[in-house]
Protein chains: 2
Amino acid sequence: MSDVARAAGVSAMTVSNVINGHPHVSEETRRRVAEAVDRLGYRMNYAARHLRSGTTGVIGLAVPGIDQPYYGHLAALVIAGARRLGYRVAVEQTGASREGETEALAHSRLRTYDGLIMATVELGEEDGGALFADFPVVTLGERFRGAHVDHVGMANFEGAGDATRHLLERGCRRIAVIGGRAEGESGAATLRTAGHLAALADAGVARDDALLAGCAFTTAGGAEAVRRLRDGGVPFDGALCLTDSLALGVVRGLRDAGLSVPGDVLVVGFDDIPGAAYAVPSLTTVAPGHAEMVAAALEMLTERIAGRRPAGEVRSFTGPHRLVVRESTTR
Amino acid sequence: MSDVARAAGVSAMTVSNVINGHPHVSEETRRRVAEAVDRLGYRMNYAARHLRSGTTGVIGLAVPGIDQPYYGHLAALVIAGARRLGYRVAVEQTGASREGETEALAHSRLRTYDGLIMATVELGEEDGGALFADFPVVTLGERFRGAHVDHVGMANFEGAGDATRHLLERGCRRIAVIGGRAEGESGAATLRTAGHLAALADAGVARDDALLAGCAFTTAGGAEAVRRLRDGGVPFDGALCLTDSLALGVVRGLRDAGLSVPGDVLVVGFDDIPGAAYAVPSLTTVAPGHAEMVAAALEMLTERIAGRRPAGEVRSFTGPHRLVVRESTTR
DNA sequence: TTGTATGCGTTATCAG
DNA sequence: CTGATAACGCATACAA
């Protein structure tokens, strides 16, 4: 920068002012500096700016695994949105473990990042707001609902209810809930299951807990869950899969069992991942409003980073959901 | 740091030495400093270290889109591997455009990142090594083969040949090449197509250019290509899809046309993305040795960053490929 | 084994 | 409208 200053016959301070578009610089000076910058191929040293300003221009994004379609889709939106706001995004993988999530948070606090968007799968309210004190964090998912942290979530309860009503309308009476669990930590799975059960009750359809098939939230887990249900002699004519990845596995598992979708079993997923539309059969699913969620998360985070909102004032946002009907429930 | 120094009764320099694990520090001093660090909750300011050392501890990963399964899978491996080496990873999305790729490179050079791993889809040799001078870059993909840049690639030609031989062995005689193109820039598509044509020739099977179905490299593109082939009255009994994403679309498109896989048409993909194993039918595909490729890329990059290899000495690595046979080619 | 002096490149402040 | 000064927090070189 001092080289540029010398070349333009001004001080380094004036170069800085030109670069940052400060108002009180004469047109002539601005022009001379710009010319020198071009000629010398000068580039700002961000490390120095960061040292001076205390910011890094980088936000962290902590997700269980970037190779999971849902988080990949989310990350694409976050990276694109952050870029428009002048931030780059560093991705951390937590492996959906409490340890990984805690560590991602710890790294971020080292002032390496200006803020963190974290998909919390394990970390919950009981881990205490202390973890988040004094650092801009937005949680994504369900574990932190109600805690003293900004939060962006989706309509798990309502979405699962819509999906269930859809299956009931199309004639299902025994709906397996893949990944379902009636109790336990208040995660997305529990909320979606609750939404399902509420919809069943409203419709006066009997509940059978044998249909709640808890399993790993992976494609393999879905296939495995189908196998267990059938081995256990539990009949079902519909499957509410708590994620699309599970649903892909369920379709796979049903096929292995010689059953067809939607011929023998209707299948609904959740998340509307990119692959859902092109699966065979294409998946009926609950689209949780990804774009709106990401926009809200970035807005909350930048608001915090800029210090525009007092620490005590917590915001929350729930994405607009809608049921996308495709082949897996269309006979 | 000076607060810690004061608390421990030493100089800031000694604190620095303790933190960086320098050898010549007495056990007693080390202990006192560590205690003070804990008590005061001191954290290193990375911006300052970066300003001083010229390194950031961050490497960039530039890919067309992190939501594409292939790149998501790659990114997961890169992030995990980089972490073991003490680096974090910032993801840039280039949108597979020359502009995006150039920009990712420019950003990286601003010393924001210590190095860059870039999946080059558009940027090619003609863009000149000048872009890469003086900055650690490893290219991933085919566009830079032979240029003066470190490069990690896969066995496109050989893999496509293996896939083609596999289809021929199982009785196919008219193999559509989805995404195929006989000429044009020397990208992965061209190399894979060439491998296919060479295998055909070796087997003495007639080539029909009507079977080369160029299209967008997306799932939608695959479905669309099938539609065009059928509308054009081009019969085929096998499909070599140049990526797994395309293959998923092809399966989809065939089904829309009332054809079954593998009943009517055998389908092979390329890349072995995570979804390939759980698709219905599961996809036969060419696995390009992702893990080995990522390991090689990281090793080349860190070697460059550490300055352990002269600028003129360029390395190249090709992943070990193998054909994974699954349902889509098993009648 | 520990400490002192110095500078990395930028920008806030305030004087001119 | 422009410039001199100082400071952000750390680590290299060298002295003690």
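The chains referred to below are lettered A, B, ... by the order of the sequence lines, with proteins before strands, and numbering in each begins at 1.
Panel note: side chain A:Asn45, backbone A:Ala47; a donor-acceptor pair is recorded below 3.5 Å. Side chain of B:Glu303 to backbone of B:Arg309: no donor-acceptor contact under 3.5 angstrom is found.
Take A:Glu103 and apply the side chain to side chain donor-acceptor pair (under 3.5 Å) test, not counting sequence neighbours, and it matches B:Arg83. The salt bridge (Lys or Arg N to Asp or Glu O under 4.0 Å) search around B:Glu99 returns none, not counting sequence neighbours. A search for side chain to side chain donor-acceptor pair (under 3.5 Å) contacts involving A:Asp3 returns A:Arg6, not counting sequence neighbours.
No side-chain donor from either of A:Thr243 and A:Asp271 sits under 3.5 Å from a side-chain acceptor of the other. A:Gln93 and A:Tyr71 are not linked by any side-chain donor-acceptor pair at a separation below 3.5 angstrom, with hydrogens and angles left out of the test.
The C1' atoms of five pairs define one axis at each end of the helix from C:dT1-D:dA16 to C:dG16-D:dC1, and these two axes lie 30° apart (to 10°).
Shown here for B:Ile305 and B:Asp114, the closest heavy-atom pair between the two residues is CG1-O, 3.6 Å.
We find that CZ of A:Arg31 is positioned 16 Å from P of D:dC1, with the value rounded to whole Å. D:dC8 atom P lies 13 Å from atom CG of B:Leu51, rounded to whole Å. Rounded to an integer number of Å, the gap from CG of B:Leu40 to C1' of D:dG9 is 16 Å. The distance from atom CE of B:Met44 to atom C1' of D:dG9 is 9 Å, rounded to the nearest whole Å.
Among the atoms of the strands shown, only primed sugar atoms or phosphate atoms (P, OP1, OP2) are found under 4.0 Å from some heavy atom of A:Thr29.
The aromatic ring centroids of B:Tyr46 and A:His50 lie 6.0 Å or more from each other.
Taking every nucleotide of DNA chain C with any atom under 4.0 Å from a non-hydrogen atom of chain B, the first and last of them, 5' to 3', are C:dT1 to C:dG9.
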field: Trace of the salt bridge (charged side-chain N to carboxylate O under 4.0 Å, His left out) decision for B:Glu28 with B:Arg31
entry: CA-CA 5 Å; B:Glu28 162 62 10; B:Arg31 206 191 46 65; 3.4 Å; yes
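Residues from residues 8-25 of chain B lying near DNA chain C, meaning a heavy-atom separation below 4.0 Å, are B:Val10, B:Ser11, B:Met13, B:Thr14, B:His24, B:Val25 in numerical order.
OP1 or OP2 of D:dC10 sits under 4.0 Å from a side-chain N or O of B:Tyr42. Considering only side-chain N and O atoms, B:Arg52 lies nowhere under 4.0 angstrom from the phosphate OP1 or OP2 of D:dG9.
Between B:Phe317 and the options B:Glu299, B:Glu292, B:Met154, B:His151, a side-chain contact (heavy atoms from CB on, under 4.5 Å) holds for only B:Glu292.
Projected onto DNA chain C by closest heavy-atom contact, B:Ala48 and B:Arg30 fall at different nucleotides, the more 5' of which corresponds to B:Arg30.
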